[in-house]
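Everything below concerns the one structure shown next.
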2 protein chains.
Amino acid sequence: MGKRKKSSTNLLNEKYIMESCDLTYAVCKVGGRWKLLILCKLENGKLRYSELRNAIDGITERMLTLQLRELEKDGLVKRTVYAEVPPRVDYELTPIAIELIPIWSKLSSWGAKHKKLVK
Amino acid sequence: MGKRKKSSTNLLNEKYIMESCDLTYAVCKVGGRWKLLILCKLENGKLRYSELRNAIDGITERMLTLQLRELEKDGLVKRTVYAEVPPRVDYELTPIAIELIPIWSKLSSWGAKHKKLVK
DNA sequence: CAGTATCCATTAAGATACTG
DNA sequence: CAGTATCTTAATGGATACTG
């Protein structure tokens, strides 16, 4: 009786994501409230954890850490830890993330335009 | 005692969205699991509700309806109801949504490429 | 400095059944 | 055909305290 599979379609289920269409895959990787914003702040070069935190209005340390870890796991940011005291860690875009620059750039322009229209 | 405001940062809080940066605004409008996918299916012209449902793998009627209503409210899709029996409704992109075509197109290509790299 | 850990509240998403 | 209604689960967000 073809019982519909109950498997979640959640964004973190790797198998599900790999089997999805390309757009869904991309949305799962860089979608969500914070990821594009984080990437976009790194557009002009490396930033430290605290610089990112201060640059992104409204993000909590918890969310920043969670999202950075996922971006790192997915190969979108590179995390470098320096053996110093006090500790220093910085983040930078990987080549595959750099390819996305036009996307968030266009999205941002679209946002600016649409926002004006709505006002 | 500067009590930190408790206001949510949820995606549906219009005031919050309007005050956000342009990228955040855009992400709030077309982000989420389904919106870009719905828009992308409408790229080649009008589709009926059932056509959309069949075109989008894994979406439930509930989510399709919810997301279509939001897209309509935000001026990204136009909903047309025909006075027929059985009922017929179709959806199409508005000009402002058409401007986003390059974005989901690029995102999709990026997804295809990255997916291969990961495999 | 750059995080973790914990607890709790809110929101988004999903499964399923039902209807004008 | 084109949806609603209801219930449940998953994801996100926030507050606060703590640590190498």
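Within every chain, numbering begins at 1; the chains are lettered A, B, ... in the order of the sequence lines, protein sequences first and strands thereafter. Predicted model, so just to flag it, every value in this text is computed and none were measured.
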Hey, is the main chain of [Y] close enough, under 3.5 Å, to the side chain of [X] for a donor-acceptor pair?
X      : Y      : answer
B:S108 : A:D22  : no
B:E72  : B:R69  : no
A:W110 : B:I103 : no

Counting side-chain heavy atoms from C-beta on, which of [options] comes nearest to [X]?
X     : options               : result
A:M63 : D:dT12, C:dG20, C:dT4 : D:dT12
A:R33 : D:dG13, C:dA2, D:dA2  : D:dG13
A:R79 : D:dC1, C:dA2, C:dG3   : C:dG3
B:R48 : D:dG3, D:dA2, C:dA13  : D:dA2

Determine the contact category for [X]: base if any of its heavy atoms lies under 4.0 Å from a base atom, sugar-phosphate if only primed atoms, P, OP1 or OP2 are that close, otherwise nothing.
X     : result
B:T65 : base
A:E51 : nothing
B:Y91 : sugar-phosphate

Look at [X] and [N] and indicate whether a side-chain polar atom (N or O) is within less than 4.0 Å of OP1 or OP2.
X     : N      : value
A:W34 : D:dG13 : yes
A:T60 : D:dG14 : no
B:R88 : D:dG3  : no
B:R69 : D:dG3  : yes
B:Q67 : C:dA13 : yes

What is the distance from [atom1] of [X] to [atom2] of [N], rounded to the nearest Å?
X     : N      : atom1 : atom2 : answer
B:L37 : C:dA13 : CG    : C1'   : 15 Å
A:K46 : C:dC1  : NZ    : P     : 20 Å
B:N54 : D:dA2  : CG    : P     : 10 Å
A:E61 : C:dT6  : CD    : C1'   : 15 Å
B:L66 : C:dA13 : CG    : P     : 9 Å
A:L64 : D:dG14 : CG    : C1'   : 15 Å
A:I59 : D:dA15 : CD1   : P     : 14 Å
B:I38 : C:dA13 : CD1   : C1'   : 13 Å

Across every strand shown, the nucleotide meeting Watson-Crick or G-U wobble geometry with C:dA2 (both distances under 3.5 Å) is D:dT19
pair_partner(D:dC7), Watson-Crick or wobble, both distances < 3.5 Å, evaluates to C:dG14
What one should report as the nearest heavy-atom pair of A:E43 and A:I101 is OE2-CG2, 3.5 Å
- Query: Taking the inter-plane angle between the rings of B:Y25 and A:H114 on a 0 to 90° scale, is it parallel (under 30°), tilted (30 to 60°) or perpendicular (over 60°)?
  - Reply: perpendicular
Donor on one side chain, acceptor on other, A:T65 and A:Y49, under 3.5 Å
yes
Give a yes or no on whether a donor-acceptor pair under 3.5 Å exists between the nucleobase atoms of D:dG3, that is its base, and the side chain of B:R62.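 A donor-acceptor contact between them is absent.
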